[in-house]
Amino acid sequence: MQLSLDQATGLCRMAALGAGANEENAQSLAASIVAAEAEGLVAVGLSHFIDYLEAIEAGRIDGNADPVITRPALAVYLSDARGGLAHTGFDRTVEDLAKAAKLFGVAIFSQKNAYTCGALGYFTGRLAAQGLVSFAATNGPAVLAGSGSVKPVYCTNPMSFAAPSADGSPLVIDQSSSATAFVNIRKAAEEGRKIPEGWALDATGNPTTDPAAAMKGAMLAFGGQRGANIALMVEVLAAGLSGANWSLDAPWFTGGPDSPGTGLFVLAVEPKLLDPDFEQRMRDQLDRLRRRYGVHVPGRGRAEAAEKAVARGINAPKAVIQRISEFAERYSA
C-alpha cells in the first residue's frame, strides 16, 4: 500500500494513541518509525512498529511514562525512561544536548529503563544534522553469544556513528555487534527461509542455518572474538554507565508484562572547536573515497531514499498497514 509520509505519520500516531500511549510518546514513536521506513530500513520500520504497539498494549512499554531527566554535570544528561520509550527522553533533551556540545565541546546523554530503540542511526543522524559528530550505543535482551560462550549473554548491541558533511548527506554508520540483526532472523523464520552460515547457533551450541533453531539458541558476533568484545564494550557504555538492565537481566521485548529496561548512550562532539573546516574536509574525503576508490559511504543511500520518500511516499505490505490500522481505529472510536 502507498502512503505519503504525512499519512504514515498520522496513522502511526493514531495507532500509538489507540494502543494506550499519550500524545507526546505517540508523536516521538511515530516520527522514529516513519523515518526508518522512509530511509529504507524496513526491518525496523512499520513492520517493527507492530512490536511497539503490542508492547504498549501489554504493558511492556508504559505509554504514559514521563521521563525524568537530570543534569549531574553541565555537559551530562541522565534520563530515566521509567519503563517507557527510548525516544521520548532523547526528544526532550536533543536541543539542549546539542547546545551543550557546542558550548563545552562534548556532551553526553545516558538513559536507563527504556524499551528497545529501533534504528539507532535515528539518534546520531539528528545530531549530525546539527553539525555534530556523534556516537551511540544501546543494548537489549540477550540473544548474542559472548567470546567462548555458546549461550546468549549480550543483545545484538548495535552502535552508530555519524558525522556532518558540507552541502551533503552526513556519514551515518549504524550496525550491530552481531553478524546480522535479530529481526532479520525472525523474518527468515516467518518466511520459511534458511539463514546464512555464521549467523547463529542452535540450542545445543552447534552452527545452524535454521532460523527457528537460531531463535532458540544464540546469535554470533561479527568477526568472532573481536565482535564479541565490541558487544561487551557497547554493553558497558549503554547499560553499565546508565544503570540499565544488563542484557542478561533484560526481559524479552515481545512477550510478558515487563519492560526490558534497556540503556542508551549518546556522545555528541562539536568538531568546529577542533577544526573549523571539518565539514568541508569531510565532504572532500567522502567524495574521494566514493568516486576514486569505489568505497561505499554509509548514510548516503539512507538520505537518498528519504528524499525520494518525501516526493513519492512509502510502500508497505497491506497486512502491516491493516494491523496498524486496527490500533488506530481504537483511537478513532
Do other residues, nucleotides or ligands put more than 12 heavy atoms under 6.0 Å from the [atom1] atom of [X]?
X	atom1	answer
Glu190	CD	yes
Lys102	NZ	yes
Arg226	CZ	no
Gln2	CD	yes

Assess whether salt bridge (charged side-chain N to carboxylate O under 4.0 Å, His left out) is satisfied between Arg300 and Glu304, documenting all intermediate values.
CA-CA 6 Å; Arg300 186 179 181 87; Glu304 291 174 350; 3.5 Å; yes
In the single-linkage hydrophobic clustering (I, L, V, M, F, W, Y; side-chain heavy atoms under 4.5 Å), do [X] and [Y] co-cluster?
X	Y	value
Ile33	Phe327	yes
Leu144	Leu232	yes
Ile50	Ile61	yes
Val34	Val42	no
Val183	Ile195	no

Interatomic distance, [X] atom [atom1] to [Y] atom [atom2] [nearest 0.5 angstrom]:
X	Y	atom1	atom2	value
Arg92	Glu24	CZ	CD	4.0 Å
Leu11	Ser4	CG	OG	10.5 Å
Arg288	Arg290	CZ	CZ	13.5 Å
Ile56	Leu85	CD1	CG	6.0 Å
Ser169	Leu286	OG	CG	8.0 Å
Cys12	Leu29	SG	CG	7.5 Å

Under the 3.5 angstrom rule, does the side chain of [X] hit a backbone N or O of [Y] as a donor-acceptor pair?
X	Y	result
Ser147	Ala228	no
Asp80	Arg82	yes
Thr116	Gly118	no
Thr156	Pro158	no
Glu191	Arg193	no
Asn25	Gly63	yes
Ser242	Gln111	yes

Within the 3.5 Å criterion, strictly below it, is a donor on Asp91 or Ser28 matched to an acceptor on the partner's side chain?
yes
Check whether the side chains of Gln27 and Glu23 place a donor and an acceptor atom closer than 3.5 Å, and report yes or no.
yes
For the ring pair (Phe, Tyr, Trp, His ring centres under 6.0 Å) test, which of Trp199, Trp252, Tyr154 pairs with Phe182?
Trp252
Scan Phe123, Phe109, Tyr115 and name whichever one has a ring pair (Phe, Tyr, Trp, His ring centres under 6.0 Å) with His87.
Phe123
Answer yes when Arg302 and Asp174 have at least one side-chain N-carboxylate O distance shorter than 4.0 Å, and no when they do not.
yes
Determine, for Asp275 against Arg281, whether the closest basic-nitrogen to carboxylate-oxygen distance falls under 4.0 angstrom.
yes
Salt bridge (charged side-chain N to carboxylate O under 4.0 Å, His left out) between Arg323 and Glu54, worked out:
CA-CA 10 Å; Arg323 179 63 175 143; Glu54 292 176 349; 3.3 Å; yes
